[in-house]
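Accompanying notes for the structure given below.
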Amino acid sequence: MEHRIHELMSAVPGTVSQLHSFHYGPPDSERSVYIQSSLHADELPGMLVAFKLKQRLAELEAAGLLNARVCIVPIANPIGLTQQLMDVPLGRYELETLKNFNRHYADMTAAIAEGLETALGDSETDNIDIIRTRFLTALEDRTPANALESLQLTLQRLACQADYVLDLHCDFNAVEHLYTTPAAWPTFEPLARYFGSRASMLATDSGGQSFDECFTLVWEQLRERLGERFPIGYGTQSITLELRGQDDVDHDLADHDSSAIIHWMMQLGLVQGEAPALPALPFPPTPLAAMEFLVAPEGGLLVFHARPGEQVVSGQLIAEVIDPIHDVVHDVRATQDGMIYARSQRRMATAGMIVADLAGHDSRRSGYLLAP
Ligand SMILES: [Zn+2]
């Protein structure tokens, strides 16, 4: 195991900010996996999974059973972890810039593509190596303007050459779910099964330049531009695993999730050993464009009639929003058949607030597909 410390730009002199990465497996491995947790700093179930993965990977490494290089970043957001306001953790947005920690990663496609056609050849493997080298060089050439960009660039540099990127998040109150691309789905479908994903939502470009997509979109766009003339594979496939809700920091759940990741790695031959039989997928993959945010039409006291993990039908009552001044009750109903996979932790809804998330089958949205 190799422990690396990455100095981040500090917002003010006299303070130090660091990112720690842990690297397992033979350095000359052909394939590599990058796993980070808690990019939204108050989404902590993944941090416990990362802690357990560190122990498991150290054992596998000692036993000579690792066929891949694996990088673990258990605390992907030291900035957000320090943001507490009057006993409330605020880890989704940086308080300095008000930006979401999982949006606006640098789009490197143009920098990589410049003059690329003179470098590419007939070998897909060589082409992947060439593009990966350019990707890292382009990221290293950038200078961050502030602490948030310094964090984002450091994470991108660490992950940009990995074959597989796993970003461990969670929702507010939720069951197991995930986001990935249609192209990556065959790679991650076994992981979805071991994990027990109850909503698997697929999109190539959800519009936010999120961490997972800042890698896959580069390969998609290069394939679009040059794929007819040169063989270009997917140098990176990535997935955002949502480890239930913010309260689900639990040893049994984290044991389950870390085992799911190890079993998926066995299934890909990244870890030696016999992967267990694949369990059934609880709910089929659906387009992210068919996911719908159910919102409160007015403000009021929020009372739920459905729990995450319930399959619902169009028109079914999901929640009531109660105005106790005018004695009015507003219904929030399912907009199509599907799976309620997440809901708000708040119980006083504000007008327009997202109350629950529904994985539907009928794509009705386009453009920006994510929550703010
Ligand atoms: Zn998150």
Apply the test side-chain hydrogen bond (donor to acceptor under 3.5 Å, both in side chains) to residues Ser200 and His177: give CA-CA distance (whole Å), side-chain angles for both, the deciding distance (0.1 Å), then the verdict.
CA-CA 6 Å; Ser200 303; His177 61 284; over 6 Å; no
Gln336 vs Glu292, side-chain hydrogen bond (donor to acceptor under 3.5 Å, both in side chains): CA-CA, chis, key distance, verdict
CA-CA 9 Å; Gln336 58 171 295; Glu292 301 207 1; 2.9 Å; yes
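- Relative to the ring axis of Phe304, Arg343 places its NZ or CZ within 45° and under 6.0 Å from the centre.
- Residues Arg229 and Glu117 are paired through a salt bridge, judged by an N-O separation under 4.0 Å between the basic side chain and the carboxylate.
- Test Asn127, Thr137, Asp163 against Arg132 for side chain to side chain donor-acceptor pair (under 3.5 Å) and you get one pass: Asp163.
- In this structure, the ring of Phe283 has its center less than 6.0 angstrom from the ring center of His361.
- In this structure, Met339 and Gln311 approach most closely via the heavy-atom pair CE-CG, 3.8 Å.
- Environment of CZ in Arg364: crowded, with over 12 heavy atoms of neighbouring residues, nucleotides or ligands closer than 6.0 Å.
- Just one of Asp257, Asp250, Asp255, Asp252 meets the salt bridge (charged side-chain N to carboxylate O under 4.0 Å, His left out) condition when paired with Lys52; it is Asp255.
- Between His169 and His40, the angle of the ring planes goes over 60°, which puts this pair in the perpendicular group of the 30/60° scheme.
- For CG of Asp141, the number of neighbouring non-hydrogen atoms (other residues, nucleotides, ligands) closer than 6.0 Å is greater than 12.
- Remark: the backbone N or O of Asn146 is not paired with any side-chain donor or acceptor of Ser150 at under 3.5 angstrom.
- Residue Glu30 places its CD atom among 12 or fewer non-hydrogen atoms of other residues, nucleotides or ligands, all under 6.0 Å distant.
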Quick one, Glu176 with Arg198, criterion salt bridge (charged side-chain N to carboxylate O under 4.0 Å, His left out). Give me CA distance, side-chain angles, the key distance, then yes/no.
CA-CA 6 Å; Glu176 300 83 351; Arg198 293 203 255 173; 3.3 Å; yes
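- Environment of OH in Tyr368: crowded, with over 12 heavy atoms of neighbouring residues, nucleotides or ligands closer than 6.0 Å.
- Around atom CD of Glu140, more than 12 heavy atoms belonging to other residues, nucleotides or ligands sit under 6.0 Å away.
- Environment of NE2 in His3: crowded, with over 12 heavy atoms of neighbouring residues, nucleotides or ligands closer than 6.0 Å.
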Where do Gln345 and Asn173 land on the side-chain hydrogen bond (donor to acceptor under 3.5 Å, both in side chains) test, with the steps shown first?
CA-CA 6 Å; Gln345 298 263 43; Asn173 175 205; 5.5 Å; no
Steps toward side-chain hydrogen bond (donor to acceptor under 3.5 Å, both in side chains) verdict (Ser197, Arg193)
CA-CA 6 Å; Ser197 179; Arg193 288 177 182 238; over 6 Å; no
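- For Glu274, the CD atom is loosely surrounded, since the number of other residues' heavy atoms within 6.0 Å does not exceed 12.
- Checked against the 6.0 Å centroid threshold, Trp264 and Phe188 count as a close aromatic pair.
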